[in-house]
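All chains are named by letter (A, B, ...) in the order of the sequence lines, taking the proteins before the strands, and each is independently numbered beginning at 1.
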Protein chains: 2
Amino acid sequence: MPMQITRESDYAVRCLLYLKERGDAFSAVGEISETMSIPRTFTSKILQKLTKAGIVRSVRGVGGGFTLNREPGKITLLDVIEAVEGPIKVNVCVIDRKSCDRVETCSVHHIWVKMRKDIRKWLESYNFSNIEEAENTPR
Amino acid sequence: MPMQITRESDYAVRCLLYLKERGDAFSAVGEISETMSIPRTFTSKILQKLTKAGIVRSVRGVGGGFTLNREPGKITLLDVIEAVEGPIKVNVCVIDRKSCDRVETCSVHHIWVKMRKDIRKWLESYNFSNIEEAENTPR
DNA sequence: TAAAATAGGATAAAATTACTCCCATATCAG
DNA sequence: CTGATATGGGAGTAATTTTATCCTATTTTA
């Protein structure tokens, strides 16, 4: 499953689309998971990560649930993906130089570094305000 | 291991860097794997894939081995990664629409499609001629 | 025909992803 | 202050994928 976002990231995006729709209301896990077709307990875990990352806010107890913690326009795809998957690496050696003994002499190391930078920049350019506006690719 | 090339792709790139260095000579698996620190039998499998993809050419028997099948400048990173990992997906629904029952109503589907397109274009812009030239990122 | 090489299928080991379960903790209504 | 309804978090399980290895067949040259 290389060069691919995880199902978890996809689910996280769905959760946020739902919460955006709900505006200021608080939504419970069950409601989100059913509407967005995500396994319930997994949804719970994902929302926990999003909460820890400060992307959503939670309230426990009766009438509690989750809601966006900031404007949709200030939540980027990068924020979401890194919240659930951890920092994007592209190649292990980019984050952890000692993972590769060839790193000193490697003539392509800089390519992976640049690729990571460019992918992160790309993901950062989409947020939950412009993500749905973005022109639909015709056919 | 999301948004990350596989070790296999990394190994494939190493193989090609080595073969480029060797010019028109044929190199045996053992030689490539030892020099580039790749497990021997795995190297063999990777070279098989690269051969099938037409990126390298092989000759069996005494004095045989592998050599590039075309100019380094005509072998892109995309060619190599897709040769070993298969087509880049970014998200399952991009390649296989029926993998996601939400695809009809999904307001972000087009984002994954665009992301795939842009990543492929990026990878296509690097080949084994310009990949090493590319300015080394200072510090 | 023997030696040296790749080709390919099957399988094994390790790691990661994709979940589930259970109990603790918080919040609110009555 | 108690019970019902939520989320929080740790631990564990299942499924899939990645990362290999092994063995045998086939090709090629000397």
Task: Partner set under ring pair (Phe, Tyr, Trp, His ring centres under 6.0 Å) for B:Y18, not counting sequence neighbours - done: none
TODO: Give a yes or no answer on whether the side chain of B:T51 reaches the backbone of B:S58 with a donor-acceptor pair at less than 3.5 Å.
DONE: no
Task: Whole-Å gap separating P (D:dT7) and CG (A:L19) - done: 11 Å
Open item on the list: Whether the side chain of B:N91 engages the backbone of B:W112 through a donor-acceptor N/O pair (distance < 3.5 Å, no angle test) should be reported.
Closed with: no
Task: Candidates C:dT20, D:dT19, C:dA7 - which lies nearest the side chain of B:F66 - done: C:dA7
Task: With B:S129 via side chain to side chain contact (heavy atoms under 4.5 Å, CB included) - residues at least two apart - done: B:N127, B:E133
Task: Euclidean distance, atom CD of residue A:Q4 to atom C1' of C:dA18 [Å, nearest integer] - done: 14 Å
Task: A:L19 side chain near A:F128 side chain, heavy-atom distance below 4.5 Å - done: no
Open item on the list: Going by the rule side chain to side chain contact (heavy atoms under 4.5 Å, CB included), which residues pair with B:S99 if we only count those two or more places apart in sequence or in a different chain?
Closed with: B:V92, B:C93, B:D96
Open item on the list: Return a single string for nucleotides 22-30 of chain D, one symbol per nucleotide in 5' to 3' order, where B is base contact, S is sugar-phosphate-only contact and - is none, cutoff 4.0 angstrom on heavy atoms.
Closed with: B---BBBB-
Task: Distance, rounded to the nearest Å, where A:E85 contributes CD and C:dA18 contributes C1' - done: 13 Å
Open item on the list: OP1 or OP2 of D:dG8 versus the side-chain N and O atoms of A:S44: is any pair under 4.0 Å?
Closed with: no
Kindly give the atom pairs (protein nitrogen or oxygen, nucleotide nitrogen or oxygen) under 3.5 Å for nucleotides 11-14 of chain C.
none

- [ ] Could I get the full list of side chain to side chain contact (heavy atoms under 4.5 Å, CB included) partners for B:S37, not counting sequence neighbours?
- [x] A:D101, A:R102, B:R14
Result block: side-chain N/O donor-acceptor pairs under 3.5 angstrom for residues 73-87 of chain A, not counting sequence neighbours:
residue: A:T76; atom: OG1; partner: A:L78; partner atom: N; Å: 3.3
residue: A:T76; atom: OG1; partner: A:D79; partner atom: N; Å: 3.0
residue: A:T76; atom: OG1; partner: A:D79; partner atom: OD1; Å: 3.3
residue: A:T76; atom: OG1; partner: A:D79; partner atom: OD2; Å: 3.1
residue: A:D79; atom: OD2; partner: A:R70; partner atom: NH2; Å: 3.2
residue: A:D79; atom: OD2; partner: A:T76; partner atom: N; Å: 2.9
residue: A:E82; atom: OE1; partner: A:R120; partner atom: NH2; Å: 2.9
residue: A:E82; atom: OE2; partner: A:I88; partner atom: N; Å: 2.8
residue: A:E82; atom: OE2; partner: A:R120; partner atom: NE; Å: 3.1
residue: A:E85; atom: OE2; partner: A:T6; partner atom: N; Å: 2.9
residue: A:E85; atom: OE2; partner: A:T6; partner atom: OG1; Å: 3.0
residue: A:E85; atom: OE2; partner: A:S9; partner atom: OG; Å: 2.5

Task: Summary of salt bridge (charged side-chain N to carboxylate O under 4.0 Å, His left out) pairs that have at least one residue in residues 17-26 of chain B, sequence neighbours excluded - done: B:K20-B:E132, B:R22-B:E31
Task: Nucleotide C:dA5, atom C1' - distance to CD of B:E34 in whole Å - done: 15 Å
TODO: Take the protein atom CD1 of A:I5 and the nucleotide atom C1' of D:dT17, then report the distance between them rounded to whole Å.
DONE: 17 Å
Open item on the list: Less than 4.0 angstrom between a side-chain N/O of A:Y11 and OP1 or OP2 of C:dA18, yes or no?
Closed with: no
- [ ] Residues of residues 46-53 of chain A with any non-hydrogen atom less than 4.0 angstrom from an atom of DNA chain D: list those, numerically ordered, please.
- [x] A:Q48, A:T51, A:K52
Task: Partners passing salt bridge (Lys or Arg N to Asp or Glu O under 4.0 Å) against B:R116 (at least two apart in sequence or in another chain) - done: none
Open item on the list: Considering every strand and a 4.0 Å limit on heavy-atom distances, what is the contact class for B:G30: base, sugar-phosphate, or nothing?
Closed with: nothing
Task: Whole-Å gap separating P (D:dT17) and CZ (B:R7) - done: 19 Å
Task: Whichever hydrophobic residues join A:V59 through chains of side-chain contacts under 4.5 Å - done: A:F26
Open item on the list: Does anything in residues 39-65 of chain B form a salt bridge (charged side-chain N to carboxylate O under 4.0 Å, His left out)? List the pairs, not counting sequence neighbours.
Closed with: B:E8-B:K49
- [ ] Measure the distance from CG on A:D10 to P on C:dC19 and round it to the nearest whole Å.
- [x] 11 Å
TODO: Would you mind reading off the distance between A:R40 atom CZ and D:dT7 atom C1', rounded to a whole angstrom?
DONE: 10 Å
